[in-house]
Amino acid sequence: MPVANTKGRLPRLCQKELKETIRDRRTIVTLLLMPLLVYPIMSMALNRFLLSSGETEEGFTICVSSDVDGELLDQWLSNPNSAPPQAVADSSGNKLAKFRVTVIPDESPAEAVARNDVDVGMELANIDSGTPLVTFYAARGNSVSQAARRVLVERLQWLKLADAELRLKATEPGYRTPLLVSAKDVGKVEENSLLSTIVPLVLVLMTITGAVYPAIDLTAGERERGTMEAVMASPVPRGYVLFSKYVAVVAVALLTAIANLLAMFTTLWAGGLLGLLTGGDSFPWLTILQMLGLLILFSGFFSAVLLSLTSFAKSFKEAQAYLIPVMLLSLTPAMLSLMPGITLSGALTILPLINIVLLARDMLSGSVDLNNAFVAVVSTFAYAAAALSVAARLFGSDAVTRTSEKSIGSLLRRPRQATLRPTPQAAALMLALLVPVYFLVSNGLMQFIKASQDTSVATILLFNAIALISTFGLVPVLAAWLGRNRFKTTFRLQPSGTLALVGATLLGLGAWAFAHEAFVIADALGIGGLSDKQISGAEATVAKMRETSPVLLIAVFALTPAIIEELCFRGYLFSSIRRAVSPFQTILITAALFGLFHVLTGSALLIERFVPSTLMGLIIGWVAYRTGSVFPGIVIHFVHNGLLNTVLYYQDQLSFLGAGFDDQTHLPALWLAIATGLVITGASLVWVSSRKQTDANSETSLDTEHNVGDLGN
Amino acid sequence: MLTVQSLQKSFSLDDDEIRAVDDLSFRVDPGEVYGLLGPNGAGKTTTLRMVLGLVKPDSGYAEVSGYRTAVDPTAVKSRLGFVSASDGVYPWLTVREMLLYFADLYGVTRREASDRCEDLADLMGISALLDRRAGTLSTGQRQRVTLVRGLIHDPPVMLLDEPTRGLDVVGVQTIFEYIEHLREVGKAVVVCTHRLDEAERLCDRFGLLHQGRMQQTGTLHQLREQSGHQHLVDMFVDLLRS
């Protein structure tokens with residue numbers, strides 16, 4: 001009989017996974033060969049780019065027709081009067097361009113420029129007339145050639161000007177220069193910030209590349225090789241196996257990061273580009289160590305994300321199919337870090353990947369803000385932990401050992417049998433569709449309004465309502481129809497009882513105060529918040545809204561969203577997500593989705609809406625769970641939005657109540673006390689009204705009765 | 001030793017609900033080789049997976065040495081050995097490293113695992129392969145490694161899923177000898193196969209499975225009396241036609 005001996009088991013399991021990965025030649029290729037090849041090539045390309053983007057050491061070359069022309073040009077350029085005045089020199093880097101004049105036999109200056117033999121060509125005509133005509137040729141589309149010509153033209157202008165001034169002074173002794181100009185620089189050197197962003201970005205991407213192969217190989221690969229079932233049949237806790245794989249993936253990612261870091265900095269140093277990056281000549285050991293720390297953190301996070309995806313896949317091919325879109329998606333925020341003016345602050349400190357890239361950039365330039373760095377590090381830790389727990393749940397789970405597989409066609413075919421609720425997979429697909437549909441519809445309608453030039457408030461409001469109904473309304477209804485899900489249970493249309501509705505009304509009356517406070521707190525913490533420009537914009541919108549009838553406003557901003565959004569979030573999504581997770585998790589997930597969708601307004605991201613909307617989502621989610629119905633949620637949503645709009649509409653008339661309604665001021669204590677009272681009473685009523693119903697309404701009990709075959713789905 | 005009681009499992013495939021295992025019960029004692037027979041898709045593998053705790057049954061239970069899979073999966077798993085035709089190896093580990101890894105998964109002490117590794121390798125004739133990289137092994141050698149792997153923790157119950165699939169005459173003979181060894185050392189053995197001719201030579205008792213249901217069960221002698229046929233193949237043809 002086996003004696004369970006688990007002493008030192010975890011390190012041994014990690015050792016096995018590491019051995020398996022490191023011995024694989026393909027790992028070594030991405031680990032060592034890639035950085036050794038990539039960086040020298042990149043450095044050469046960068047050098048080439050730096051060389052071709054400006055003047056070379058030897059200066060620009062000018063082709064002239066004859067030696068006589070050349071001598072004349074030399075004469076002009078060596079005349080001190082052709083040099084730009086001090087202010088102009090100061091404002092363009094204080095470097096005087098050098099020129100090399102040459103004559104190419106059998107080739108006119110224009111031809112020489114066209115053949116790219118020289119930078120500029122010059123031709124002289126009418127020399128004897130006393131006013132010679134100088135023509136400069138530059139190559140179209142060649143920035144170096146164009147720059148060289150501009151300098152030449154300017155030089156001759158200065159020469160003309162100096163000559164004119166000289167003559168003027170000779171004839172009119174009282175002549176004074178009308179004004180004096182001076183140019184001065186302030187602030188820090190912000191040159192090459194592009195390079196200091198590219199370096200961390202490339203490092204992060206290379207770290208990802210290093211982690212991808214082992215992540216797939218140790219999870220989906222194990223399944224494909226046929227060793228997974230034997231491992232799962234053993235009594236070892238799944239978490240142990242996953243964790244040992246995680247350690248191996250992080251280790252490889254780290255080794256890749258170190259190899260890349262060393263290769264990159266060595267190449268930059270050898271290529272003489274290191275000074276451009278760090279501003280100093282010495283090798284930046286400390287910065288490299290700091291960046292290594294960041295990469296450790298980042299590979300911990302990304303390895304967990306990779307494992308949670310590959311754990312779900314049945315084969316190498318499937319794992320790759322999951323990973324490629326994720327990698328491309330993660331590139332989007334990473335690209336954002338290349339944009340000028342983007343700094344590590346506010347919401348960006350918690351945005352994965354971009355926060356690490358920005359922090360690394362700041363480290364390179366030696367201007368790290370400790371608070372922001374702290375937030376970036378802590379949030380990345382949190383994401384890593386979350387991703388790892390997801391991976392642990394998915395790894396080797398029942399759903400993956402299944403053999404049946406659905407075809408693509410089955411997604412679009414209506415099932416023969418009706419079901420009570422949509423599957424979580426169907427809900428995920430619906431959500432994925434909702435984003436582009438909403439983007440297209442809302443932006444399309446805006447284009448239509450612009451084109452029709454009918455910008456009356458009523459039209460805009462109407463289009464707003466249409467956009468909402470045709471996306472959040474229509475898409476879930478279509479999804480439910482396509483999935484043959486019974487509408488009553490899918491959208492949770494069971495009646496809830498009068499007491500619950502009364503409670504919901506009170507909750508709606510009180511909740512807006514808390515949503516407002518959340519907004520103010522979020523603003524104070526720097527999560528989103530409105531700029532002064534946005535506030536004045538909002539005030540202008542409100543003033544415009546007053547032109548229309550309050551009934552229309554309530555219909556568009558309170559009634560429509562209350563019905564449509566509730567049916568979508570607390571109806572369709574709630575009932576489908578509830579099939580997979582506990583009520584508490586369902587409330588959390590639907591609230592977060594509710595918050596996220598309020599951030600997406602179609603054309604811009606309104607991050608400041610996330611906190612208050614999620615908070616509302618939590619409250620309504622709880623009520624929806626307690627009552628087992630969508631209706632109390634509709635009431636809360638309607639009362640909340642209605643109240644908000646009424647207050648905004650009659651803001652001036654209400655100012656005697658003693659509250660400013662801008663989003664940066666806390667409400668008076670009395671108001672908060674009343675709101676708290678309303679919320680507590682409302683919540684109590686909902687609680688009491690649903691005390692007996694909750695169990696009867698439990699959606700899992702219904703599911704097991706009617707959807708026996710869920711596990712195989 | 002191994003008891004399966006009223007196991008039931010359904011899957012839904014696209015729109016259809018498939019009852020993979022339907023009210024299945026049987027029992028296997030130490031030193032006995034039980035053949036769970038049936039055509040492809042009869043529910044044999046699903047049954048084994050439920051016994052192992054890899055798939056959750058809709059109802060019913062499996063019990064090993066008094067432990068139920070649903071109640072104490074760890075106790076059950078550590079008492080089960082599992083070998084399947086689709087089992088693979090870790091190509092970059094040596095045979096010894098792989099065997100010791102599995103011993104570790106089952107909580108066998110290092111020393112004990114090393115001893116068992118040598119003994120079993122000797123028994124299955126793979127002693128010379130122990131320090132070879134598993135990726136370089138032939139199909140037959142790989143099969144022997146898998147068979148040793150299933151026994152590394154000395155389990156009282158062995159589950160073999162289509163052990164002869166894809167093997168040549170020599171490979172099949174190896175399996176026969178292996179099962180003979182298991183019987184000798186008093187293991188309770190379940191063999192799932194659709195190769196009825198082989199099963200006739202191997203097993204002490206049989207369960208004929210069709211569309212998830214147990215159709216007939218007993219020794220070869222009993223089955224012959226019940227069906228009036230001499231061979232399992234003929235009994236099955238009858239079963240499929242009815």
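Convention: sequence-line order gives letters A, B, ...; per-chain numbering from 1.
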Under 3.5 Å, side chain of B:R116 to main-chain N/O of B:I152, donor-acceptor pair present? yes
With only heavy atoms counted, which part of B:R149 is less than 4.5 Å from chain A, the side chain, the backbone, both or neither? side chain
If one checks every heavy atom of B:V89 against chain A at 4.5 Å, the contacting part turns out to be backbone
Do the charged groups of A:R223 and A:E229 touch, with an N to O distance under 4.0 Å? no
Heaviest contributor of heavy-atom pairs below 4.5 Å to chain B, chosen from A:G8, A:A230, A:P237, is A:A230
Let me know if A:Q15 has heavy atoms under 4.5 Å from chain B in its side chain, its backbone, both or neither. neither
Tell me whether the rings of A:F487 and A:F491 are parallel (<30°), tilted (30 to 60°) or perpendicular (>60°). perpendicular
Donor-acceptor under 3.5 Å (B:E97 side chain, B:T94 main chain): yes
Region of B:Y90 that comes under 4.5 Å of a non-hydrogen atom in chain A: both
Please confirm whether the backbone N or O of B:W92 pairs with a side-chain atom of A:R23, one donor and one acceptor, at under 3.5 Å? yes
Can you tell me which of A:D24, A:V231, A:L13, A:I22 forms the most heavy-atom pairs within a distance under 4.5 Å of chain B? A:D24
Is it the side chain or the backbone of B:L105 that comes within 4.5 Å of chain A heavy atoms, both, or neither? both
Side-chain donor or acceptor of A:Q585 paired with backbone N/O of A:S582 under 3.5 Å: yes
With a 4.5 angstrom heavy-atom cut-off, could you sort out which part of A:R25 is near chain B: side chain, backbone, both or neither? both
